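This report concerns only the one structure given below.
Sequential numbering from 1 along the given sequence is applied to the chain's residues. Just so it is clear, the model here is predicted, and its values are computed rather than measured.
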Amino acid sequence: MDTSWFAKRPVSALRPGDHGWLAYSSHEERDRVIGPFVREGLETTEKVVYVTDLPAERLPGLGRGRPIDVDALVRSSQLRVITPREACLDRRGAFEPAKMADTVARELGSAFGQGFRAMRLTTDHSWLLNGPGRPDLGRMLGCEHRVGDTVSPSTMAMAICQVDRHACRPAELAALRDTHEVLVEVNPEFDDGILKIVRTFEPDGLRVEGELDAARHSVFSDQLHRLRPGRIHLDLSRLGFIDLGGLHLLAKHATRLPAGAALILDHLSPDVESIIDMVGWHRLPGLARGRRLAETEGIA
């Protein structure tokens, strides 16, 4: 499925009016997106609204780095933690899409009245999708459309709707994704305008974009060594050029992986694949060809 009409942005590049979508594959991926979203808002003059049953001190982004006085932020209303029951359930405990939209509108009005320059809102819908009393997909889609209608025209609101990608069927996940125009991902590990390296989580590895030349071998090698040993996948669909030294670096790293591990090259762009074919796969021990571009799932 083609997803080219979506805007894909690293979390720190979100801006007011963005109704973002995060389908995470692990808690690590979720925390590496939502953590900066929460913390960066609290470190500025922005209000953060989190719909969750978690206590404020356990929210992503608040447990590491520079200490944050969570109690003071809650008292000042810069951090607002709302339970799902308060935000989107009716008196019987059933999901009510209109109530969620009203919650967003109410919190946005309060943020404006309190003098905050922007409001960041996030919630995880996974509990709705895999819990008892699961609402039908139409109600979920209606909720997302209502939230989008509130956030998208705003000059001060931005939102990330989270969901565990394993909480529902792929078709349902795609339908929910399609109610958003912005796909949110982790911030790049490295980006100098020529080479961009982004962490991926399912499969575990890196997405490499741009050009990998001699001047960037060391930073790329450093990022490879930070990955957990195992079946490491490199998404090279957006890599336009790699020099021979870069190929040697890949092969050297692959031969040092433990037994049973592999360095898998997914979605090779035609230009990069032609370079590897010219060198010869047999001269690059430890590298394995992964999925081709035509086999991409479409739910990124």
Side-chain angles (χ1 to χ4, degrees), residues 1 3 6 8-9 11 14 18-39 48-63 79-90 92-101 103-104 107 120-148 150-151 158-186 199-204 297-300:
M1 182 182 297
T3 61
F6 294 98
K8 178 178 283 189
R9 294 198 187 108
V11 60
L14 286 185
D18 282 346
H19 180 211
W21 167 255
L22 170 66
Y24 61 85
S25 57
S26 65
H27 286 172
E28 179 187 4
E29 181 179 14
R30 179 200 63 190
D31 291 352
R32 288 189 60 175
V33 174
I34 302 302
F37 184 70
V38 170
R39 191 172 189 103
V48 174
V49 179
Y50 208 126
V51 178
T52 180
D53 280 324
L54 288 175
E57 63 272 12
R58 290 180 55 194
L59 298 182
L62 302 186
L79 175 60
R80 179 105 158 88
V81 179
I82 307 175
T83 66
R85 175 170 292 277
E86 179 186 355
C88 58
L89 301 184
D90 63 20
R92 298 171 298 172
F95 178 61
E96 179 51 63
K99 186 175 180 181
M100 185 66 186
T103 297
V104 176
E107 294 300 324
R120 299 179 179 223
L121 179 139
T122 186
T123 186
D124 193 328
H125 293 309
S126 302
W127 63 277
L128 280 171
L129 294 167
N130 57 16
R134 184 184 191 272
D136 63 72
L137 183 62
R139 292 174 67 80
M140 291 288 296
L141 297 175
C143 177
E144 292 293 0
H145 282 299
R146 288 171 183 258
V147 172
T150 302
V151 171
M158 62 190 90
I160 299 179
C161 298
Q162 315 166 39
V163 67
D164 182 340
R165 63 168 56 248
H166 304 295
C168 60
R169 295 185 293 272
E172 294 176 318
L173 193 66
L176 288 166
R177 177 204 60 192
D178 288 351
T179 61
H180 303 74
E181 294 185 356
V182 178
L183 306 183
V184 189
E185 66 176 3
V186 295
R199 182 80 161 80
T200 59
F201 299 88
E202 193 175 275
D204 191 43
E297 290 180 358
I299 299 179

Report yes if the side chains of Val184 and Lys8 come closer than 4.5 Å at any heavy-atom pair, otherwise no. no

Any side-chain heavy atom of Leu59 within less than 4.5 Å of one from Leu54? yes

With a 4.5 Å cut-off on side-chain heavy atoms, are Met140 and Leu129 touching? yes

Would Arg165 and Glu202 count as a side-chain contact (heavy atoms from CB on, under 4.5 Å) here? Give the steps. CA-CA 10 Å; Arg165 63 168 56 248; Glu202 193 175 275; 3.4 Å; yes

Can Asp164 and Tyr24 be said to form a side-chain contact (heavy atoms from CB on, under 4.5 Å), step by step? CA-CA 5 Å; Asp164 182 340; Tyr24 61 85; 3.7 Å; yes

Roughly how far, to the nearest 0.5 Å, is the CG atom of Asp204 from the CD atom of Glu29? 10.5 Å

Are any non-hydrogen side-chain atoms of Phe201 and Val186 less than 4.5 angstrom apart? yes

Could you state the interatomic distance from SG (Cys88) to CZ (Arg139), rounded to the nearest 0.5 Å? 10.5 Å

Have a look at Val104 and tell me which of Leu121, Thr123, Val49 forms a side-chain contact (heavy atoms from CB on, under 4.5 Å) with it. Leu121

Would you indicate whether the side-chain heavy atoms of Arg146 and Met100 approach each other to under 4.5 Å? no

Any Ile82 side-chain heavy atom under 4.5 Å of Glu107 side chain: yes

Might you work through the side chain to side chain donor-acceptor pair (under 3.5 Å) test for Gln162 and Thr122, ending with a clear yes or no? CA-CA 7 Å; Gln162 315 166 39; Thr122 186; 2.8 Å; yes

Tightest non-hydrogen contact, residues Asp90 and Glu96, listed as N-CB, 4.4 Å

Given the rule in the side-chain contact (heavy atoms from CB on, under 4.5 Å) test, do Ile160 and Leu14 qualify, once you have shown the distances and angles that lead to the verdict? CA-CA 9 Å; Ile160 299 179; Leu14 286 185; 3.6 Å; yes

So which heavy atom on Asp31 is nearest to which on Pro36, and how close? O-CD, 3.7 Å

How close do Arg30 and Leu22 get, heavy atom to heavy atom, and via which atoms? CA-CD2, 4.3 Å

Identify the heavy atoms of Cys161 and Glu144 that sit nearest to each other, and give their distance. SG-OE1, 3.2 Å

What pair of heavy atoms forms the shortest contact from Thr103 to Glu86, and how long is it? OG1-O, 4.2 Å

So do Tyr50 and Pro60 actually touch side chain to side chain, heavy atoms under 4.5 Å? yes

Distance-minimising heavy-atom pair for Asp18 and Val151: O-CG1, 3.5 Å

Using only atom types and a distance under 3.5 Å, with no angle test, would you say the side chain of Arg177 pairs donor to acceptor with the backbone of Trp21? no

What's the verdict on side-chain contact (heavy atoms from CB on, under 4.5 Å) for Phe95 and Asp136, showing C-alpha distance, side-chain angles and the deciding distance? CA-CA 10 Å; Phe95 178 61; Asp136 63 72; over 6 Å; no

Contact between Pro84 and Asp53 at the side-chain level, heavy atoms closer than 4.5 Å - yes or no? yes

